[in-house]
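Questions regarding the structure given below will be posed in turn.
So you know, we letter chains A, B, ... as the sequences are listed, proteins then strands, and number each from 1.
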Amino acid sequence: MKRCCLLILMSIFLCCNPVTAKTPKHILVMAAQIDDMISLDPAEIFEFSGAEYAANTYDRLIGYDVDNVAEIFGVLAESWTVADDGMTFTFKIRQGVTFASGNPMTAEDVAFSLQRVILLDKSPAFIISQFGFTPENVKEKIKAVDAETLVFTTDKPYAPTFVLYCLTATPASVVDKKLVLSHEQDGDLGYNWLKTNYAGSGSFTLKTWKPAELLMLDANQKYWDGVPAMRRVIMRQVSEAATQQLLLEKGDVDIARDLGADQLDSLKDNPDVKLHPKPKGGIWYLGLNQKNEALSKPKVREALKYLVDYQQMADTLLRGTMIVHQAFLPMGFLGALEDKPYALDVEKAKQLLAEAGYGDGLTLTMATRNTSPTMDMAQAIQATFAKAGVTVEILPMDGKQALTKYRARNHDIYIGKWGPDYQDPHTNASTFAWNRDNSDEAKSKPLAWRNAWDIPEMSEATDAAVTERDPEKRAAMYQAIQREHQQVSPFVIMFQEIEVAAERTDVKGFILGPSFDSNFYYNVTK
Amino acid sequence: MANNEYPQQEQTVDGLRQWLLTTTPCSRLQARAGRSYIAWLSFTRNRLAVIGLGIITLLVLTAVLAPLIAPYHPNVPDLEQRLQTMSMEHWLGTDQLGRDILSRILYGSRLTLYVVVLVAIIAAPLGLVVGTVAGYSGGLVDSVLMRITDIFLAFPKLILALAFVAALGPGIENAIIAIAITSWPPYARIARAETITLRNSDFIVAARLQGAGHIRLIVHHIIPLCLSSVIVRVTLDMAGIILTAAGLGFLGLGAQPPLPEWGAMIAGGRQFLLDQWWVATLPGIAIFIVSLGFNLLGDGLRDVLDPRSGGK
């Protein structure tokens, strides 16, 4: 009987004091989709969450202001000079920086890190190698003259900002040469070790990584620019957006990273949560394969551009997460074009289709990643295309399958997102408006190639723009390319992405940058 | 006159019942009709089975009449109307693209029925033939056929179906083929077991003495006797087939958008579960009810058709 009373008392007590699962004061917990991360080696990382990891755990030579990307400043480089020939960049390396391992950081480490990217030649290597570096010449062209001086020599003069922006990208992260080489096996430059380990000098260090499950970072107690307030940052893999929302509302996580428009809507009035939006460089587009006879007709391409209800999709399905944008350079980039010449116009599209000989309609397939919001966007587009007699058959598949089909040029229409690799306009121009070799065996395969779009003249213009050293002239060149691109290209560019992090109100200082490798945790307090 | 008609009609009904229930039928037709009537009586005695039958009848009616009773087009999005709650205009609300959920569920019943019927038509005869041939022939043929069956049984059904769909490409036809390929082995096993008990019966031997060939024996003597247990099993499996089809649809490998397949509807609605519960829940309830219907019907049929209960 006594025990019974005690039980009842205890349950009353428990009812009155609901268990609150608050995250600890000095630990930041995030719910995110980190299952795309396949490597922790900065020379190999080419995924969204991998890039964010590298941004927080490694330092690069230079960085840019996330609110004004034109503002470039030194991080591990204290200063730099560009020689008059426009080809020789000399960096003065910051002294007194140590890696998390305790080794001092010197120009030798920087040179090794950049050389390593070229020698390993993984997916992102082109960001550095496009300046004419090859495994044979890189040791000559990127060289540490002494402990504080690095000389970087390109093969021809480029716009200096283009070179500098490339050095803010993930593959330019500086690794600890001594530590990496101590784990070298059979001349792999420590690749097999670094794939799952850490050798950097960033504000956080790697504690644990369980692929597709958990990423745990600890504050770097030796960080040269001040130790972060958060002792630990934990990223939990939570695939379902609805689950992320629930965890955030209950206070089990401090930040939810992948909420959709509708979840964000329902959080708007929650006093415990604030929304933190940031326009990103991600561009959503339809790729129209020029190998398809119908799509290769300019009038059909133009008609399809009139058959997407851009504004309505942005206002309903995607509200708050995307804005209408119809040129290949995202807003915030040098030379970005804000013209929006297209809106839903079924009559005009019908007329264009009839002129092209498809007045009776036509049937196309669309390779679609079977996740939200791609799937919903595809269905909305399917419905507006149908109004002019264009039947779209949606082929849902997982992301990898869709990409494989796209890269093999087997699609009719591909719906997807393109994220810039670095902050210079060339990153998008070189993929949307550059295709030198349209054969199936081509060595470089930009998006224009994937859609079999043969554009010798536009490629010429793109190449000219990247070597123009006057920023104003350069911007005008890109705008001219984009205007033509909007008219003739097989790309229906639709939206620019806005990343929204939903944060508990006590979280402050979380930095979302314009790119996926410029989201930073070092300022976070709560 | 009117007064006279009523008892007369009752008399006819009574007469029909007597004609059906007589212990001394005068023709084959009468005997067969009588057996069916007795089976029907024992079936209707099972309330749950009748409910199951009612659900399935309703499903068939819905599927046939969908275009007449659905208030909206099931596939045309109306983004202005998205995620509406239940109201007079949209009885069951709208989904993430503003399509009426009631209309989609009604049209979805066609797909469900399509899948179930086609799978049954493909898988049951296949299993039946493999099982009876294996059981009747014995020896090497039996071993080979049964080992093939074993291979198919060795994998979980959904996983194997996933593999087939991945190989064939997504689409409702391919999903049906994949489900059919993976669901015949149990029927083969049942048919084989029944065949082995029948193989050496006197009536088979008698038929053989009269000169009946193997094919005739299998088709005319063995298969009809295996049929009842296979039918029961198929009916009980229907729920599983619906769930597998819904599972494939959920994973994006079944019916292609914008088709209103119930599993795909759940997949589309799951991200709204917290705030717009009806988007995912209502098609889930539809799947639940139809699966339950098939299960109840199957249970009832088993009671009727099981030879051991002997038509009592």
Side-chain angles (χ1 to χ4, degrees), chain A residues 239-250 258-270 309 311-319 344 365-384 386-387 391-399 401-402 405, chain B residues 72-85 93-100 104 162-163 165-175 247-261 263-281:
Chain A
S239 318
E240 294 284 329
T243 319
Q244 290 198 6
Q245 181 192 348
L246 197 62
L247 290 171
L248 181 73
E249 282 175 346
K250 299 269 176 250
D258 305 282
L259 300 184
D262 297 288
Q263 279 111 22
L264 294 172
D265 240 20
S266 73
L267 284 174
K268 230 177 233 159
D269 303 320
N270 188 328
D309 199 341
Q311 202 53 51
Q312 195 190 36
M313 282 168 78
D315 288 344
T316 56
L317 207 56
L318 311 166
R319 69 188 177 285
L344 181 68
T365 62
M366 188 190 290
T368 311
R369 192 174 171 190
N370 58 356
T371 51
S372 165
T374 322
M375 207 63 196
D376 293 339
M377 290 167 78
Q379 290 186 61
I381 293 167
Q382 182 183 44
T384 45
K387 288 184 182 167
T391 312
V392 176
E393 222 177 284
I394 294 179
L395 309 175
M397 43 187 90
D398 67 32
Q401 253 181 317
K405 196 176 168 74
Chain B
Y72 294 89
H73 192 288
N75 298 338
V76 174
D78 178 3
L79 292 179
E80 302 294 336
Q81 293 288 320
R82 59 196 299 271
L83 298 172
Q84 301 282 313
T85 182
T94 60
D95 69 359
Q96 72 274 23
L97 292 171
R99 298 171 296 200
D100 183 56
R104 284 177 71 72
L162 270 180
V165 176
L168 295 168
I172 194 150
E173 285 80 15
N174 290 341
L248 290 176
F250 181 80
L251 295 170
L253 296 170
Q256 299 307 286
L259 289 183
E261 204 273 323
M265 286 170 73
I266 297 183
R270 72 182 195 278
Q271 51 169 325
F272 310 107
L273 206 52
L274 290 181
D275 298 298
Q276 290 88 17
W277 57 270
W278 58 90
V279 182
T281 312

Give a yes or no on this: more than 12 heavy atoms of other residues, nucleotides or ligands lie within 6.0 Å of atom CZ of B:R82.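 Correct, the count exceeds 12.
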
Minimum heavy-atom separation for A:I394 to B:Q256, with atom names?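 Result for this residue pair: O-OE1, 3.5 Å.
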
A:D376 CG to B:L97 CG distance, which is reported to the nearest 0.5 Å: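 Result: 5.0 Å between the selected atoms.
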
Please determine, among A:A380, A:A378, A:S266, the option with the most heavy-atom pairs under 4.5 Å with chain B.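 Top option by heavy-atom pairs under 4.5 Å: A:S266.
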
Drop me the distance from A:Q379's CD to B:N75's CG, to the nearest 0.5 angstrom.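 Going from CD on A:Q379 over to CG on B:N75, the span is 8.5 Å.
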
Contact class of B:L274 relative to chain A, heavy atoms under 4.5 angstrom: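 Interface part for B:L274: side chain.
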
Decide if atom CD of A:E393 counts as having more than 12 heavy atoms of other residues, nucleotides or ligands within a radius under 6.0 Å.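 Atom CD in A:E393 is not crowded, with 12 or fewer foreign heavy atoms closer than 6.0 Å.
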
Holding to side-chain contact (heavy atoms from CB on, under 4.5 Å), I want the full list of residues that pass it with B:L273, two or more places apart in sequence or in another chain.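 Listed in chain order: B:A280, B:T281.
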
Atom pair CD (B:Q81) and OG1 (A:T316), whose distance is rounded to the nearest 0.5 Å: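 So the gap between those two atoms works out to 11.5 Å.
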
Stepwise side chain to side chain contact (heavy atoms under 4.5 Å, CB included) test for A:D262 and B:Q271: CA-CA 9 Å; A:D262 297 288; B:Q271 51 169 325; 5.7 Å; no

Measuring from A:Q311:CD to B:L79:CG, what's the distance to the nearest 0.5 Å?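 With rounding to 0.5 Å, CD (A:Q311) is 12.5 Å from CG (B:L79).
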
I'd like to know which of B:A166, B:P257, B:P77 tops the heavy-atom pair count under 4.5 Å against chain A.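 Looking at each of B:A166, B:P257, B:P77 in turn, B:P257 comes out on top.
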
Using non-hydrogen atoms only, which part of A:L246 is less than 4.5 Å away from chain B: side chain, backbone, both, or neither?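 Backbone plus side chain of A:L246, per the 4.5 Å heavy-atom cut-off to chain B.
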
